[in-house]
Protein chains: 2
Amino acid sequence: IVKLENICKNYYLNDVAFPVLNGVNLQIETGEFVGIVGESGSGKSTLMNILGVLDHPTSGKYYLNECDVFSYEEDELAALRNRTIGFVFQSFFLLPRMTALQNVGLPLLYRNLSPEKIKEQSFKMLKKVGLEEFHDRKPTQLSGGQQQRVAIARALVGEPHLLLADEPTGALDRRTSDEIMSLFLSLNRHDGMTVVLITHEEKVAERCGRVLRMEEGCLCQVEQIK
Amino acid sequence: IVKLENICKNYYLNDVAFPVLNGVNLQIETGEFVGIVGESGSGKSTLMNILGVLDHPTSGKYYLNECDVFSYEEDELAALRNRTIGFVFQSFFLLPRMTALQNVGLPLLYRNLSPEKIKEQSFKMLKKVGLEEFHDRKPTQLSGGQQQRVAIARALVGEPHLLLADEPTGALDRRTSDEIMSLFLSLNRHDGMTVVLITHEEKVAERCGRVLRMEEGCLCQVEQIK
Ligand SMILES: Nc1ncnc2c1ncn2[C@@H]1O[C@H](COP(=O)(O)OP(=O)(O)OP(=O)(O)O)[C@@H](O)[C@H]1O
Ligand SMILES: Nc1ncnc2c1ncn2[C@@H]1O[C@H](COP(=O)(O)OP(=O)(O)OP(=O)(O)O)[C@@H](O)[C@H]1O
Ligand SMILES: [Mg+2]
Ligand SMILES: [Mg+2]
């Protein structure tokens with residue numbers, strides 16, 4: 001489902017190039033559950049933004065379902081992204097003036113669904129992350145871990161084929177973190193959702209099918225002690 | 001240094017009271033290193049906001065260095081807070097249009113220091129968290145863990161007597177997380193800085209002198225297996 005070929009990414013500040021990704025190669029089969037680990041600042045979120053079609057690489061190719069993603073026009077990309085990908089951001093990016101329920105329903109606005117159907121799907125997903133009684137709270141009226149779970153519900157509401165989760169349990173206590181991982185694993189096993197998950201927690205990495213480490217701007221496979 | 005007596009806090013939404021803290025009693029001696037654990041949504045950040053004089057309790061008393069904090073006027077409180085407390089927020093709250101160096105220097109603007117002195121102190125602190133080469137980056141040009149470290153440097157730059165850290169290693173990999181904990185512990189042991197730290201990571205809680213658990217809106221002591 002995902003194929004990255006020699007992806008390079010430089011950031012430019014005052015015309016100085018800062019290379020972050022130096023030739024990332026990655027191939028993920030449909031239905032896999034992949035974990036990505038690596039040091040702070042090593043380029044994991046940068047890679048996720050490219051996988052999520054939110055940022056362009058400096059060079060290299062990205063095939064999503066065998067489509068050469070970056071040869072598309074922006075509006076075609078937006079449609080592809082909305083249908084296929086669910087993204088949990090490291091800093092959540094919830095809209096502060098919308099309720100939890102409205103935030104969760106945002107990805108569904110692009111589809112031909114009635115407002116009632118959108119509300120129903122959003123409520124169902126909030127229930128799955130244990131937050132149904134907080135549906136009418138705004139983000140500032142929620143704890144850090146509750147905000148993170150709203151972001152997770154939003155990523156899942158459209159039943160994506162590919163879930164990209166950037167440190168999705170970073171703000172969660174052990175028990176809630178386990179519940180979220182079990183939710184991801186069950187969607188992976190029963191609905192065939194492919195998962196790419198960044199984490200710096202060993203207990204989370206241990207539950208992934210395979211673990212890759214970001215080092216010096218490249219991905220390499222980690223020995224998995226199963 | 002810190003004494004909380006029967007602190008209660010309700011949030012009010014549409015005139016409905018939601019009790020979050022139900023009579024928290026806490027006494028912390030100068031130089032202690034206290035960890036606070038508890039489930040997502042249990043009230044830890046709410047308690048921190050009261051300790052940091054950023055929010056008022058619904059009832060109860062808070063004595064900071066034997067001063068009844070909430071009997072003061074707002075401007076006196078601001079001065080007390082700036083002199084005494086360093087706060088690492090769960091969601092960082094960095095100013096997006098300032099560089100890392102400027103963000104770190106913010107607490108020093110209230111003191112009678114020259115701009116050069118402020119720059120020097122800020123740079124020194126950025127160095128302590130390993131980010132000196134990123135001093136002129138804006139927050140959006142930093143990784144999640146780098147942003148968290150800027151927030152930590154900002155909390156420490158004024159050499160506070162009391163450090164309140166809300167999940168300060170949540171976005172950090174194992175190695176960087178250990179470095180930050182060692183920095184806190186050394187400031188605690190050599191400079192006598194009192195530390196109250198919220199975490200949901202066992203490895204971090206194990207390094208605290210004493211651990212308290214937030215449950216049902218009250219704090220209770222956790223058995224420490226040393
Ligand atoms: N917009 C930007 N401009 C310049 N440099 C950037 C920008 N965004 C990120 N960087 C830099 O790119 C590097 C990789 O950042 P990235 O966010 O991908 O790291 P990460 O692995 O996700 O780290 P963390 O675990 O701390 O979240 C960092 O050194 C960061 O400072
Ligand atoms: N402004 C607010 N208005 C109403 N309720 C709020 C507000 N802020 C927080 N809450 C609620 O108060 C409770 C405690 O929140 P708090 O942020 O203190 O939790 P926490 O222990 O820090 O959780 P986490 O580990 O997820 O960060 C939560 O149920 C939250 O929904
Ligand atoms: Mg990141
Ligand atoms: Mg919190």
Side-chain angles (χ1 to χ4, degrees), chain A residues 11-14 16 18 20 37-49 89-94 96 99 129-131 133-134 136-149 166-167 169-177 179-180 198-203 205 213-215, chain B residues 11-14 16 18 20 37-49 89-94 96 99 129-131 133-134 136-149 166-167 169-177 179-180 198-203 205 213-215:
Chain A
Y11 286 114
Y12 294 92
L13 298 172
N14 300 329
V16 183
F18 290 87
V20 171
V37 298
E39 289 195 352
S40 174
S42 57
K44 306 179 295 295
S45 297
T46 303
L47 180 68
M48 286 296 251
N49 288 337
F89 293 91
Q90 189 168 8
S91 51
F92 317 157
F93 289 141
L94 300 178
T99 63
V129 297
L131 290 179
E133 49 182 310
F134 294 90
D136 59 353
R137 297 279 183 101
K138 301 223 170 49
T140 46
Q141 296 165 333
L142 294 172
S143 79
Q146 290 165 345
Q147 290 175 22
Q148 188 159 47
R149 282 182 276 162
D166 196 340
E167 310 228 16
T169 59
L172 302 177
D173 59 272
R174 166 61 18 93
R175 191 181 64 102
T176 317
S177 177
E179 285 169 15
I180 291 298
I198 294 174
T199 184
H200 61 256
E201 296 177 63
E202 290 176 34
K203 292 236 153 63
R213 175 172 295 277
M214 181 70 85
E215 222 169 327
Chain B
Y11 287 114
Y12 293 93
L13 298 170
N14 300 329
V16 181
F18 290 87
V20 170
V37 298
E39 289 193 353
S40 175
S42 57
K44 306 180 294 296
S45 297
T46 303
L47 180 68
M48 285 296 249
N49 287 338
F89 293 90
Q90 189 168 7
S91 53
F92 315 159
F93 290 142
L94 300 179
T99 64
V129 299
L131 290 179
E133 50 184 306
F134 295 88
D136 58 355
R137 297 277 182 102
K138 302 229 168 47
T140 47
Q141 297 165 337
L142 294 171
S143 78
Q146 291 165 343
Q147 290 174 23
Q148 187 159 48
R149 282 183 276 162
D166 196 341
E167 310 228 14
T169 60
L172 303 178
D173 60 87
R174 167 58 20 87
R175 191 181 66 102
T176 318
S177 175
E179 286 169 15
I180 291 299
I198 294 174
T199 185
H200 61 256
E201 296 178 63
E202 290 174 34
K203 292 235 153 67
R213 175 173 295 277
M214 181 72 82
E215 225 169 325

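What you are looking at is a predicted structure, and each value in this text was computed from that prediction instead of being measured. Within every chain, numbering begins at 1; the chains are lettered A, B, ... in the order of the sequence lines, protein sequences first and strands thereafter. Atom set for the values below is all heavy atoms of this structure, side chains included, hydrogens, waters and symmetry mates excluded.
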Item to check | Partners meeting ring-ring contact (aromatic ring centres under 6.0 Å, His included) with B:Phe93 (sequence neighbours left out) | outcome: B:Phe89
Checklist entry - Which atom pair, heavy atoms only, marks the closest approach of A:Val129 to A:Arg149? => result O-NH1, 3.2 Å
Item to check | Minimum heavy-atom distance between B:Gly145 and B:Leu172, given as atom pair plus value | outcome: O-CD2, 3.4 Å
Checklist entry - So which of B:Glu201, B:Lys203, B:His200, B:Arg137 has the largest heavy-atom pair count under 4.5 angstrom toward chain A? => result B:His200
Item to check | Gap separating the CG atom of A:Leu94 from the OG1 atom of A:Thr140, nearest 0.5 angstrom | outcome: 10.5 Å
Next on the checklist: Please classify the contact between B:Glu167 and chain A as side chain, backbone, both or neither, with a heavy-atom cut-off of under 4.5 Å.
Outcome noted: side chain
Item to check | Top contributor to chain B interface from A:Thr176, A:Leu142, A:Leu13 [non-hydrogen pairs under 4.5 Å] | outcome: A:Leu13
Item to check | Top contributor to chain B interface from A:Arg175, A:Arg174, A:Gln146 [non-hydrogen pairs under 4.5 Å] | outcome: A:Arg175
Item to check | Structural part of B:Gln90 lying under 4.5 Å from a heavy atom of chain A | outcome: side chain
Checklist entry - Within residues 41-49 of chain B, which positions have a heavy-atom distance to chain A below 4.5 Å? => result B:Gly41
Next on the checklist: Please classify the contact of B:Ser40 with chain A as side chain, backbone, both or neither, using a heavy-atom distance under 4.5 Å.
Outcome noted: both
Checklist outcome for this item: Bottom line for B:Phe18: the part with an atom under 4.5 Å from chain A's heavy atoms is side chain
Checklist entry - If you take all heavy atoms of B:Gly144 and B:Phe92, which pair is closest and at what distance? => result O-CE1, 3.7 Å
Checklist entry - Under the salt bridge (Lys or Arg N to Asp or Glu O under 4.0 Å) test, which residues partner B:Glu215, sequence neighbours left out? => result none
Item to check | B:Gln148 versus chain A, the contacting section by heavy-atom distance below 4.5 Å | outcome: neither
Checklist entry - Can you find a heavy atom in the side chain of B:Gln141 that is under 4.5 Å from one in the side chain of A:Tyr11? => result no
Checklist entry - For A:Ser91, is it the side chain, the backbone, both or neither that has a heavy atom under 4.5 Å from a heavy atom of chain B? => result neither
Checklist entry - Of the non-hydrogen atoms in B:Asp173 and A:Gly38, which two are nearest, and what is the gap between them? => result CB-O, 4.0 Å
Item to check | For A:Gln147, all residues meeting side chain to side chain donor-acceptor pair (under 3.5 Å), sequence neighbours excluded | outcome: none
Item to check | Within-4.5 Å side-chain heavy-atom neighbours: B:Val37 and B:Met214 | outcome: no
